[in-house]
Amino acid sequence: MNQDEDNKSSGLLANEKIAKSSQEKIDTQKLEEINDGDDFKGYSNTEKYKLFGLFFAIGIINHLGTILVMTGGRLLSKELKMDDYVTVYISASIIFALLTRIINSKLFVQHSYKKRIHFLCFWMIAGYFLMFLVLLLNDTVLSEYNVLCFILSFIPCFVLGSSYAFGESAMLGYLRLFPKTLIGGWSSGTGISGFFGSLLNFLSQLNDWFNLKYLYLILVLVGPLYLYLFNLTVKIYQMNALINSNEKKKPSMELSPMEGDTIEPEVNDNVGQGYENQKNEDINKKEEDNNEIETINEGNKAISWENFLYVMRTSGRIIGNLGAIYFLLFFCFNGLVVRVCDKVNISFLPESNAGEIKGKFEFIALFFQIGMFISKTFIQLIRRIKPIEIYTIVIFIINILFIIEYYAGFLKWENYIWICLILGFFGGGTYAGGFYTILNSNEIEENYKELTVNIATLFNDLGTFLSGIFGLIALKYWLSSKEMFS
């Protein structure tokens with residue numbers, strides 16, 4: 001008898017150990033899923049790829065405005081023979097973005113995503129149409145007043161620069177509701193929009209007949225498209241929330257009956273009533289999900305000195321490196337690369353009437369944008385390159401390399417392609433990897449995450465703005481083409 005009891009006790013202990021071991025494995029697996037941001041529970045493969053495609057398309061539309069308006073600014077500044085002052089135009093766009101991010105962090109961060117995206121789409125439509133009008137006036141009634149048109153172009157620059165910043169801040173916060181690897185879809189969309197903008201700029205250098213004004217008129221349609229794509233992501237999110245809610249209601253699996261046990265069948269005379277109740281519950285759940293989308297931001301923290309200090313304590317290293325990297329990145333790209341491209345000879349590009357080769361910088365810029373697109377797309381690779389200081393060091397070394405090239409001229413133009421490809425890769429990787437880390441961090445409280453990404457993008461813009469100011473001084477006094485290698 002005692003032996004039987006001992007055997008039973010041993011069996012129970014063994015079962016408990018197995019159960020405990022299995023539970024630990026499950027908990028570890030769940031923790032890894034949370035830490036990796038790859039938990040697509042409740043999403044089918046079709047929905048997973050659909051979400052990636054939707055955020056990819058939204059990323060293109062969101063960033064296309066500011067890239068194209070800068071392209072338009074380059075064309076106008078070139079027409080006015082004010083090439084050295086194009087950085088002023090770029091810096092103005094960044095100032096508008098900075099102000100927008102501060103206002104958003106203070107006044108709009110607690111408003112629903114739906115309301116913000118509706119406003120954004122209207123603002124975007126206005127920006128594209130205004131840019132079309134400015135370029136149209138420049139070609140017609142104000143053709144003799146190009147300087148005035150250049151000044152007027154700052155109005156759509158403000159609208160599109162602020163809409164890009166407003167949309168980016170809202171969408172990065174919105175992505176926290178989804179599996180974090182979807183940041184790859186969004187960031188790859190922003191990357192390909194940069195390539196598209198550079199391609200248009202390159203084409204405009206090769207063909208005098210190429211005119212952007214009608215493109216801006218067509219792009220008025222992207223406002224409604226942005227809203228439509230956003231609403232599709234909302235529907236998928238709500239459907240997933242409903243499925244997960246129903247899964248939680250299911251009873252847990254019970255142990256199968258022992259031999260000899262009898263189970264009385266459960267008779268249910270109210271099947272129809274139960275179906276109606278379930279249907280009503282699903283309807284109520286959908287209404288709750290709609291309310292959740294509307295109210296989920298009510299607990300978000302707005303910017304204040306106290307909250308700013310909290311963000312810097314939890315994410316200051318990442319945010320500081322993002323700002324430094326964007327300063328180095330765009331000083332190198334818009335300053336050093338512009339100047340070294342002035343003296344290289346790319347034989348297959350056409351010549352202008354003055355005998356100068358056209359589109360050299362624009363051609364090299366395409367490869368910079370390709371590098372950005374690659375790194376922003378492959379988030380699974382980028383998030384494994386740690387720490388973030390690696391990106392800062394690599395981009396700093398490339399700056400030094402181009403400074404030496406500026407004075408010595410020891411590289412062939414083909415080498416510029418590979419260097420700019422690497423420059424773009426590490427620049428884009430900073431964006432994708434940095435925001436992935438922030439959104440997936442367990443150290444940042446959920447109601448601080450949108451404020452954190454807002455402050456991070458603000459530091460990005462601040463670094464870009466300072467690079468523009470420093471680049472203007474450098475292009476005018478330090479990086480003078482007269483001092484270059486011949």
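Rounded to the nearest 0.5 Å, atoms CD1 (Ile364) and CD (Glu414) are 9.0 Å apart. In this structure, CG on Asn104 lies 9.0 Å from CZ on Arg101, to the nearest 0.5 angstrom. Separating the OG1 atom in Thr392 from the CG atom in Asn321 is a distance of 3.5 Å, to the nearest 0.5 Å. Note that OH of Tyr226 and CG of Asn231 are 12.0 Å apart. Values are rounded to the nearest 0.5 Å. Taken from CG in Leu160 to CE in Met131, the straight-line distance is 8.0 Å, to the nearest 0.5 Å. Note: Asn447 CG to Arg176 CZ = 8.5 Å, rounded to the nearest 0.5 Å.
The 12-atom threshold is not exceeded at CZ of Phe378, counting heavy atoms of other residues, nucleotides or ligands nearer than 6.0 Å. Around the CZ atom of Phe129, the shell of radius 6.0 Å holds no more than 12 heavy atoms that belong to other residues, nucleotides or ligands. Within 6.0 Å of CD in Glu443 there are 12 or fewer heavy atoms belonging to other residues, nucleotides or ligands.
Remark: aromatic rings of Trp413 and Tyr416 are distant, center separation not under 6.0 Å. For Phe195 and Phe373, the distance between ring centers is not under 6.0 angstrom.
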Evaluation steps, ring pair (Phe, Tyr, Trp, His ring centres under 6.0 Å), between Phe435 and Tyr431: CA-CA 6 Å; Phe435 287 113; Tyr431 183 96; 4.9 Å; yes

side-chain contact (heavy atoms from CB on, under 4.5 Å) evaluation trace for Ile422 with Ile398: CA-CA 9 Å; Ile422 295 170; Ile398 293 175; 4.0 Å; yes

Residues Phe368, Leu329; criterion side-chain contact (heavy atoms from CB on, under 4.5 Å); working and verdict: CA-CA 11 Å; Phe368 171 80; Leu329 180 70; 3.7 Å; yes

Test side-chain contact (heavy atoms from CB on, under 4.5 Å) applied to Ser105 and Leu451, step by step: CA-CA 6 Å; Ser105 298; Leu451 177 62; 4.1 Å; yes

From CA spacing to verdict: salt bridge (charged side-chain N to carboxylate O under 4.0 Å, His left out), Lys449, Glu446: CA-CA 5 Å; Lys449 284 190 175 179; Glu446 196 65 27; 3.6 Å; yes

side-chain contact (heavy atoms from CB on, under 4.5 Å) between Cys332 and Val337, intermediate numbers included: CA-CA 6 Å; Cys332 182; Val337 178; 4.3 Å; yes

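With a 4.5 Å cut-off on side-chain heavy atoms, Ser188 and Ile192 do not count as touching. Between Leu172 and Ile183, the closest side-chain pair of non-hydrogen atoms falls below 4.5 Å. Counting heavy atoms from C-beta on, the side chains of Phe402 and Ile419 come closer than 4.5 Å. Here the side chains of Ile117 and Met171 are in contact, with some heavy-atom distance below 4.5 Å. Between His118 and Phe230 there is no side-chain heavy-atom pair separated by less than 4.5 Å. Two residues are said to be in side-chain contact when any heavy atoms from C-beta on lie closer than 4.5 Å; Val109 and Ile303 fail this criterion. Side-chain atoms of Leu401 and Ile397, non-hydrogen and from C-beta on, never get closer than 4.5 Å to each other. Side chains of Phe52 and Leu182 form a contact here, defined as non-hydrogen atoms less than 4.5 Å apart.
Panel note: side chain Ser315, backbone Ile318; no donor-acceptor pair is recorded below 3.5 Å. One N or O on the side chain of Asn415 and one on the backbone of Lys412 form a donor-acceptor pair closer than 3.5 Å. Counting only distance, with no hydrogens or angles, the side chain of Ser441 and the backbone of Thr437 share no donor-acceptor pair below 3.5 Å. Thr314 places a side-chain N or O within 3.5 Å of a backbone atom of Val311 that can act as its donor or acceptor partner. With Glu405 contributing its side chain and Leu411 its backbone, the two residues share a donor-acceptor pair below 3.5 Å.
Relative orientation of the Tyr216 and Tyr128 rings is tilted, given thresholds of 30° and 60° on the angle between their planes.
The heavy-atom pair separating Asn300 from Glu450 by the smallest distance is ND2-OE1, 3.1 Å. Contact record, Ala97 with Gly161: CB-O, 3.9 Å, taken as the closest heavy-atom pair. Pairing each heavy atom of Asn460 with each of Tyr326, the nearest pair is O-CB, 3.7 Å. Nearest heavy atom pair, residue Ser375 against residue Gly424, reads OG-O, 3.9 Å. Across every non-hydrogen atom of Trp186 and Ile58, the tightest pair is CZ3-CG2, 3.8 Å. Residue Asn62 comes nearest to Gly167 through the heavy atom pair OD1-CA, 3.2 Å, listed as atom of the first residue, atom of the second, then distance.
No option in Phe108, Tyr174, Phe166, Phe119 other than Tyr174 meets the ring-ring contact (aromatic ring centres under 6.0 Å, His included) test with Tyr113.
Taking the side-chain contact (heavy atoms from CB on, under 4.5 Å) definition, one finds that Phe396 meets it with Leu328, Ile400, sequence neighbours left out. In this structure Leu462 satisfies the side-chain contact (heavy atoms from CB on, under 4.5 Å) test together with Leu98, Leu466, sequence neighbours excluded.
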